[in-house]
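Residue numbers count from 1 along this sequence.
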Amino acid sequence: KPDLFSKLEGFNDDVNMAVFIPREDGVITVSDDKTLRVWLKRDTGQYWPSICHTLPSQAASLAYNEETRRTFIGLDNGTISEFNLAEDFNRMSQTRDYLAHQGRVTSLKFSLNCEWVLSCARDKYFQWHCSETGRRLGGYQASAWCLCLEFDEQSKYVFVGDYSGQISVLRISNTEFSLITTLKGHSGSVRSLSWDAERSLLFSGSYDESVIVWDIGSKKGTAFELQGHHDKVQALAYASGSKQLLSGSDEAILGIWNMDVKRIETPNWEESDLCQKCSSPFFWNFRRMWEEKTLGIRQHHCRKCGKAVCNKCSAKKSTIPPLGYEYEVRVCDDCFSTITDEEKAPLATFHDVKHQVIYMNLDQTRKRLLTVGRDRVVKLWDVSTVLH
């Protein structure tokens, strides 16, 4: 299981994001106490702030570029502040403010190759700016608060998750954008996105307690569901080297999903006025109830075949990991008898991290994970034993 090796504490308000400084024993944090902090590991093994910079507004989001040490902070007032960190991480200088949004900046990406700063906010806008001139290049208005963002440098695809549960897929250039499609699958707000550039898979975590894997590369609209959490999924991180997805939720659980296996799409739920196994009428089928002089019954669905069934014909439960169900779900009697022990073998592990996770950052090289919790604590984990 993950091994906790350090904690960052002492924040006066909620911590919103944190990232590792690659190849350094350091972490950058932003929080609602209006501070940007750079934490370095001391000889004692403890992390202490080498920089604690106060900002004019609550610091909501963060993007850090390793090559240039450029750091972008999204503020609650809609501004994005750019800083340069010194080589020893003990000093920083502000270089520019981008007056990007009219609301809290919820997510930021910086592309050095394109020299773009991409951002989304609670003003329902996704914007991108030129990081050389500070000029606004373009923007897209979504139907609800924009909450999270992913960017693929190669294809110039942008994915914007919003409060309504939709994900807008855009292709952008220096001056314009085209809306490719809108992905609709979540019944709650989309809180986190992660991108597998190698296989063109998009992962989305939502308040509906599920993770959806969108196969963008196949262009067939394929989507796989991952059901293992029992509370809101707030944070995702993808380990491309081991093809594992890490998910963090409000139940203080870290999920680690094997994405190097063949997964099956969840079936669409069928609609029927009768149980599709025993033909008993459901409670809205008044004519059949009158004809048979019987009471109507409640409709359920088998998670394996999608058929509409009554409780009597679907009294059994089973895990179905290839379909993404890591906990027991309702299946009809016919499907239950066909599920083999091999099919029940788990494809994910779940670990108690003892705080509600709202953000995660993974250092794949060192196999370290940080989790930002609702308890205003940042926990640092050694995940070398759980990543392949």
How far apart are the C-alpha atoms of Phe350 and Trp257, what are their side-chain angles, what is the distance that settles it, and do they pass the ring pair (Phe, Tyr, Trp, His ring centres under 6.0 Å) test? CA-CA 9 Å; Phe350 298 92; Trp257 306 80; 5.5 Å; yes
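- Taking a 6.0 Å sphere around CD of Glu291, one finds it holds more than 12 heavy atoms contributed by other residues, nucleotides or ligands.
- No path of Ile, Leu, Val, Met, Phe, Trp and Tyr side chains, each step under 4.5 Å between heavy atoms, connects Leu226 with Ile320, placing them in separate hydrophobic clusters.
- A heavy-atom distance below 4.5 Å is not found between the side chains of Val378 and Lys7.
- Distance alone, capped at 3.5 Å, is enough to place a donor-acceptor pair between the Ser272 side chain and the Leu274 backbone.
- Closest approach of Asp123 to Gln102, counting heavy atoms only: OD2-N, 2.9 Å.
- Although no hydrogens or angles enter the test, the distance criterion places no donor-acceptor pair under 3.5 Å between the side chain of Asp152 and the main chain of Lys156.
- Between Trp128 and Phe126, the angle of the ring planes stays under 30°, which puts this pair in the parallel group of the 30/60° scheme.
- Counting non-hydrogen atoms of neighbouring residues, nucleotides and ligands closer than 6.0 angstrom, the CZ atom of Arg136 exceeds 12 such neighbours.
- Across Glu67 and Leu112, no two heavy atoms sit closer than the pair OE1-CD2, 3.6 Å.
- Gln227 places no side-chain N or O within donor-acceptor distance of the main-chain N or O of Gly324, the cut-off being under 3.5 Å.
- In the hydrophobic cluster analysis, where Ile, Leu, Val, Met, Phe, Trp and Tyr join through side-chain heavy atoms closer than 4.5 angstrom, Met17 is grouped apart from Leu369.
- Side-chain contact check for Ile172 versus Leu118: some heavy-atom pair is nearer than 4.5 Å.
- Between Trp39 and Ile51, every side-chain heavy-atom pair lies at or beyond the 4.5 Å cut-off.
- A donor-acceptor distance shorter than 3.5 angstrom exists from the side chain of Thr44 to the backbone of Gln46, with no hydrogens or angles considered.
- Taking the charged nitrogens against the carboxylate oxygens, Lys367 and Asp382 have no contact shorter than 4.0 Å, which rules out a salt bridge.
- By the neighbour-count criterion of 12 heavy atoms within 6.0 Å, atom NZ of Lys262 is sparsely surrounded, having that number or fewer from other residues, nucleotides or ligands.
- No more than 12 heavy atoms of other residues, nucleotides or ligands shown are found within 6.0 angstrom of NZ on Lys34.
- With rounding to the nearest 0.5 angstrom, the CD1 atom of Ile180 is 9.5 Å from the CZ atom of Phe159.
- A donor-acceptor contact under 3.5 angstrom links the side chains of Glu251 and Ser249, judged on distance only.
- In this structure, Val27 is a member of the same hydrophobic cluster as Val19, with clusters built from ILVMFWY side-chain heavy atoms closer than 4.5 Å.
- Using modelled atom types, one finds a donor on one side chain and an acceptor on the other under 3.5 Å when comparing Asp97 with Gln94.
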Let's go through Thr35 and His53 carefully: what are the C-alpha distance in whole Å and the side-chain angles of both, what is the deciding distance for side-chain hydrogen bond (donor to acceptor under 3.5 Å, both in side chains) to 0.1 Å, and is it a yes or a no? CA-CA 5 Å; Thr35 63; His53 179 81; over 6 Å; no
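- More than 12 heavy atoms of other residues, nucleotides or ligands sit less than 6.0 Å from atom CD of Glu66.
- Leu149 and Ile167 fall into different hydrophobic clusters, where Ile, Leu, Val, Met, Phe, Trp and Tyr are joined by side-chain heavy atoms under 4.5 Å apart, directly or via other members.
- A salt bridge is absent between Lys304 and Asp334; no separation between the charged side-chain nitrogens and carboxylate oxygens falls under 4.0 Å.
- Using modelled atom types and a 3.5 Å distance limit, the side chains of Arg368 and Asn361 yield no donor-acceptor pair.
- Salt-bridge annotation for Lys109 and Glu150: present, with a side-chain N of the basic residue lying under 4.0 Å from a carboxylate O of the acidic one.
- Side chain of Ser50 to backbone of Phe89: a donor-acceptor contact under 3.5 angstrom is found.
- For Ser31 and Asp33, the side-chain atoms include at least one donor-acceptor pair closer than 3.5 Å.
- A donor-acceptor contact shorter than 3.5 Å is absent between the side chain of Thr319 and the backbone of Pro321.
- In this structure the side chain of Phe151 reaches within 4.5 angstrom of the side chain of Trp116, judged on heavy atoms.
- Here the side chain of Ser168 pairs no donor or acceptor atom with the backbone of Thr182 at under 3.5 angstrom.
- For the side chain to side chain donor-acceptor pair (under 3.5 Å) test, no residue two or more places apart in sequence or in another chain qualifies with Thr294.
- A salt bridge does not link Glu24 with Lys41: none of the charged nitrogens is closer than 4.0 Å to a carboxylate oxygen.
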Evaluate Ile212 against Phe203 for side chain to side chain contact (heavy atoms under 4.5 Å, CB included), listing each step before the verdict. CA-CA 6 Å; Ile212 297 181; Phe203 306 97; over 6 Å; no
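- Relative orientation of the Tyr327 and His230 rings is tilted, given thresholds of 30° and 60° on the angle between their planes.
- Listed for the Ser242 side chain is no donor-acceptor partner under 3.5 Å among the backbone atoms of Leu387.
- Cation-pi contact between Arg191 and Tyr207: present, with separation from the ring centre below 6.0 Å and deviation from the ring axis of at most 45°.
- Contact check on Lys232 versus Glu209 returns no salt bridge, with no Lys/Arg side-chain nitrogen under 4.0 Å from an Asp/Glu carboxylate oxygen.
- The shortest distance between side-chain heavy atoms of Gln234 and Val357 does not fall below 4.5 Å.
- One finds a salt bridge joining Arg374 and Asp250 here, because a Lys/Arg side-chain nitrogen approaches an Asp/Glu carboxylate oxygen to under 4.0 Å.
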Test side-chain hydrogen bond (donor to acceptor under 3.5 Å, both in side chains) on Ser314 and Arg330; report intermediate values, then the result. CA-CA 6 Å; Ser314 61; Arg330 182 184 293 272; 3.1 Å; yes
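- By the 4.0 Å N-to-carboxylate-O rule, Arg23 lies too far from Asp363 to be salt-bridged with it.
- Contact between Gly188 and Ser206 at its shortest, heavy atoms only, is O-OG, 3.0 Å.
- In this structure, SG on Cys310 lies 10.5 Å from NZ on Lys277, to the nearest 0.5 angstrom.
- Side-chain contact between Phe224 and Thr266 is absent, with no heavy atoms from C-beta onward closer than 4.5 Å.
- Ser204 places no side-chain N or O within 3.5 Å of a backbone atom of Leu193 that could act as its donor or acceptor partner.
- Note: Phe72 and Tyr98 have tilted aromatic rings, judged against thresholds of 30 and 60 degrees for the angle between ring planes.
- Other residues, nucleotides and ligands place more than 12 heavy atoms under 6.0 Å from the CH2 atom of Trp284.
- Between the Asp76 side chain and the Gln58 main chain, no donor and acceptor come within less than 3.5 Å of each other.
- Side chain to side chain, His129 and Ser131 fail the donor-acceptor criterion of an N or O pair below 3.5 Å.
- No side-chain donor-acceptor contact under 3.5 Å links Trp145 and Thr106.
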